[in-house]
Amino acid sequence: MLTLSRSLTLVRSFSCQRCTRNASRLSFSRQRLETTILSSNEALSKKNSRRRISLPYSTSSTAIYAEKKPAGGAAGARIASTKNEMEGKSKQKQKQKQKQKQKQGTNKNNKKKQQTGGLRRLPVVKSPTELINKARKVAFKTTGDKKVKNARNRARKEGAETMDAITKALCVPLRDVVNGYKYELRNLHPFEKVVADLTVRARQKKDGLTLQDVLNDIHEARKEVLLAGKDWTAKAKNAETAREAMETMNEGEERMYELFEDLAGGPVKLIIELQKALRTTPAVRLDTPAVVLVGAPNVGKSSIVRAISSATPEVNNYPFTTRGMTLGHVQVFWKDDTTTAAAVIPEANAKGRFNEEALSGSYAFTQLCQVMDSPGMLVRPDSKRNEMEQLTLAAMQHLPTAVMYVMDLSGGAGDKCSSIEDQLQLRKDVRSRFPRRPWIDVVSKYDLGLVDGSREQMHEILDGSPYIELSIQDDIGVDDLRDEVMRMLGEVRVVLDAMAAVDERNARPTPKKRED
């Protein structure tokens with residue numbers, strides 16, 4: 001029988017033996033772990049030669065570069081050639097990306113540049129009848145899916161697809177009109193912005209609606225038609241029988257057309273009327289010299305434009321004959337590319353054509369210049385001017401033009417609208433507003449004579465500035481007028497060339513020089 005002391009001794013011996021065995025096992029495991037870590041580090045250092053690697057189980061964040069000896073022989077040559085090919089391809093890709101970025105940047109800059117002609121780029125708006133007829137054709141072309149064997153499911157699908165197609169055919173054109181108008185009006189040239197604003201204001205006086213109101217009405221009509229189309233599509237899709245699906249489709253189609261006509265018919269017709277007025281505005285080129293004729297109503301501006309250019313404005317003996325901008329062109333031949341007084345208009349034959357043999361080698365280049373007829377102006381503050389008068393001022397303010405001021409001192413222009421005193425005062429006001437523009441004064445209808453004392457009054461206002469006495473009827477002063485027009489066009493051309501050195505938008509087209 002064991003005593004207490006003997007029992008304690010046996011327990012202690014067993015415990016020591018167990019601890020010794022555990023300690024030996026732990027030591028052995030630790031040795032194996034260290035051996036594994038060392039071997040793995042050696043393998044990684046060999047595998048990741050010339051690569052940046054971090055030391056495992058390291059408390060610091062330092063890195064080393066393991067160098068590897070280059071391979072020799074054929075293997076080394078293959079590796080070198082492959083490396084060169086990869087580098088060459090990467091360089092080519094980088095160059096292509098740079099070129100694409102440059103092209104994209106150029107396109108963005110070109111889009112940002114404001115050019116004239118934006119009013120003619122307004123989206124074409126079709127009449128409500130045309131849009132409804134197009135929707136009917138789309139609905140007729142939408143047929144049932146023969147692959148669907150179940151009659152009810154086939155009718156459901158046909159009804160839902162037909163209503164969806166009708167909805168898109170009616171809503172997409174309205175969306176494009178609203179988005180297109182907003183984009184083009186936002187990017188208009190300042191002159192065309194004024195033209196659009198004046199046209200809309202004239203319309204507003206007629207019915208009280210602005211362009212923004214019309215666009216908002218079209219937008220709201222599109223939303224209502226879209227919601228109705230979704231409702232009819234869901235109703236046809238959830239029909240209980242095939243017959244009910246077809247009846248829903250037919251009823252929904254007619255209801256959609258009626259709703260479109262009620263909500264969008266009126267606004268679409270209004271936008272079409274506004275578009276007709278906006279799209280008739282002449283597109284003035286910013287890189288071509290131009291002359292604008294300015295003066296009181298019924299002083300003979302339109303007759304002068306007819307005589308010296310290709311335009312054919314209306315000519316009548318009543319005030320405010322010209323109710324918009326009329327643009328004509330004249331072909332000018334330039335003897336020199338540097339001076340302002342080197343422009344001429346050679347004599348044409350009976351058919352109005354120039355003799356190419358006579359012109360060969362005589363001129364540096366030719367250019368089609370612009371002559372603009374503007375509505376008449378009255379002597380009054382800017383706040384009281386009508387839309388036509390503001391259009392004339394906008395042409396002089398925003399376009400690179402010379403000015404030809406036309407006066408009628410015969411007394412036939414009308415004392416109420418264009419008295420001699422008013423014409424001279426208007427000339428003084430306009431000249432003070434644009435003192436740096438190339439300018440020429442013209443006394444038209446000279447064959448009708450001058451009112452007594454009008455010449456002295458004119459000399460006092462002109463203060464020594466030259467003027468031309470002109471009669472289109474008797475062919476008096478026409479040649480002198482053409483020479484002065486050529487001189488002013490030359491001055492404008494020199495200014496445009498100087499502006500082109502700073503801004504490419506004002507650069508004129510590269511002239512085709514004639515060979516000697």
Side-chain angles (χ1 to χ4, degrees), residues 191 194-195 198-199 201-202 205 277 280-282 284 290-309 311-328 370-399 401-434 437 439-446 448 450-451 454 457-458 461-462 467-468 470-473 481 485:
F191 171 69
V194 175
V195 173
L198 296 177
T199 304
R201 261 197 276 170
K205 292 181 179 179
T280 55
T281 303
V284 184
V291 175
V292 58
L293 278 72
V294 182
N298 199 29
V299 295
K301 298 187 296 296
S302 300
S303 299
I304 296 175
V305 172
R306 279 175 170 266
I308 65 175
S309 75
T312 56
E314 182 182 0
V315 178
N316 284 306
N317 190 25
Y318 57 82
F320 294 104
T321 305
T322 303
R323 300 183 180 275
M325 301 299 297
T326 303
L327 185 65
Q370 304 167 116
V371 181
M372 301 174 61
D373 184 17
S374 63
M377 296 177 61
L378 300 178
V379 180
R380 51 185 171 185
D382 290 346
S383 59
K384 296 184 179 180
R385 295 192 183 280
N386 57 29
E387 288 77 16
M388 293 183 292
E389 294 175 279
Q390 294 181 19
L391 182 62
T392 302
L393 291 175
M396 289 186 286
Q397 182 176 358
H398 298 295
L399 299 177
T401 62
V403 179
M404 180 192 302
Y405 187 81
V406 184
M407 297 173 283
D408 178 11
L409 305 184
S410 66
D415 294 337
K416 293 183 179 180
C417 296
S418 310
S419 64
I420 295 175
E421 291 77 10
D422 288 345
Q423 294 183 54
L424 295 175
Q425 183 61 40
L426 179 63
R427 190 268 180 197
K428 183 178 179 181
D429 296 341
V430 176
R431 186 54 173 165
S432 62
R433 179 175 291 193
F434 305 99
R437 292 296 178 96
W439 189 285
I440 183 63
D441 293 291
V442 176
V443 179
S444 65
K445 304 180 184 180
Y446 187 70
L448 300 179
L450 303 180
V451 175
S454 60
Q457 296 178 16
M458 180 183 63
I461 294 295
L462 298 185
Y467 63 92
I468 295 176
L470 179 69
S471 173
I472 302 298
Q473 185 72 24
L481 179 62
V485 170

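For this chain, numbers begin at 1 and follow the sequence in order. Just so you know, these numbers come straight off a predicted model, no measurement behind them.
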Task: From OH (Tyr405) to NZ (Lys301), nearest 0.5 Å - done: 9.0 Å
Task: Separation between CD of Gln473 and OG of Ser303, rounded to the nearest 0.5 Å - done: 9.0 Å
Open item on the list: Any heavy-atom pair between the side chains of Leu481 and Val442 that's under 4.5 Å?
Closed with: yes
- [ ] Check whether any side-chain heavy atom of Met458 lies under 4.5 Å from a side-chain heavy atom of Leu424, and answer yes or no.
- [x] yes
- [ ] Write down the atom of Ile304, the atom of Met404, and the distance for their closest heavy-atom approach.
- [x] CG2-SD, 4.0 Å
Task: Atom pair CG/CG of Asp373 and Leu293 - distance to nearest 0.5 Å - done: 6.0 Å
Open item on the list: What verdict does the side chain to side chain contact (heavy atoms under 4.5 Å, CB included) test give for Val485 and Ile308, after you've listed the backbone C-alpha separation in whole Å, the side-chain angles of each residue and the deciding distance to 0.1 Å?
Closed with: CA-CA 9 Å; Val485 170; Ile308 65 175; 4.2 Å; yes
Open item on the list: I'd like to check Gln423 versus Val379 (side-chain heavy atoms, cut-off strictly below 4.5 Å). Are they in contact?
Closed with: no
Task: Beyond-backbone contact of Val430 with Trp439, side-chain heavy atoms, under 4.5 angstrom - done: yes
Open item on the list: Testing the basics here: between Pro375 and Thr392, what is the closest heavy-atom pair and its distance to 0.1 Å?
Closed with: O-OG1, 2.9 Å
Task: Interatomic distance, Leu462 atom CG to Met407 atom CE [nearest 0.5 angstrom] - done: 5.0 Å
Task: Any donor-acceptor N or O pair under 3.5 Å, side chains Asp408, Ser444 - done: no
Task: Side-chain heavy atoms of Val403 within contact of Val292, under 4.5 Å - done: yes
Task: Heavy-atom pair with the smallest gap, counting every atom of Met377 and Leu426 - done: O-CD2, 3.5 Å
- [ ] Using modelled atom types only, decide if a donor and an acceptor are shared between the side chain of Ser454 and the backbone of Leu450 within a distance under 3.5 Å.
- [x] no
Task: Set of residues satisfying ring-ring contact (aromatic ring centres under 6.0 Å, His included) with respect to Phe434, sequence neighbours excluded - done: none
- [ ] Calculate, to the nearest 0.5 Å, the distance between atoms CG and CD belonging to Leu409 and Gln457 respectively.
- [x] 8.5 Å
TODO: Determine the minimum heavy-atom distance between Thr401 and Arg437, stating which atoms define it.
DONE: O-NH1, 3.1 Å
Task: Heavy-atom check, side chain of Leu378 versus side chain of Pro297, under 4.5 Å - done: yes
Open item on the list: Show the nearest heavy-atom pair for residues Ser471 and Tyr446, with the distance to one decimal.
Closed with: CB-N, 4.2 Å
TODO: Enter the distance from Ile461:CD1 to Glu421:CD here, rounded to the nearest 0.5 Å.
DONE: 10.0 Å
Task: Test item: side-chain donor near acceptor, Asn386 and Gln390, under 3.5 Å - done: no
Open item on the list: If you compare all heavy atoms of Lys445 against all heavy atoms of Ser410, which two are closest, and at what distance to 0.1 Å?
Closed with: O-CB, 4.3 Å
Task: Qualifying residues under salt bridge (charged side-chain N to carboxylate O under 4.0 Å, His left out), relative to Arg385, sequence neighbours excluded - done: Asp382, Glu389
Open item on the list: As a quick check of understanding, evaluate side chain to side chain contact (heavy atoms under 4.5 Å, CB included) for Val406 and Val294, giving each step before the final call.
Closed with: CA-CA 6 Å; Val406 184; Val294 182; over 6 Å; no
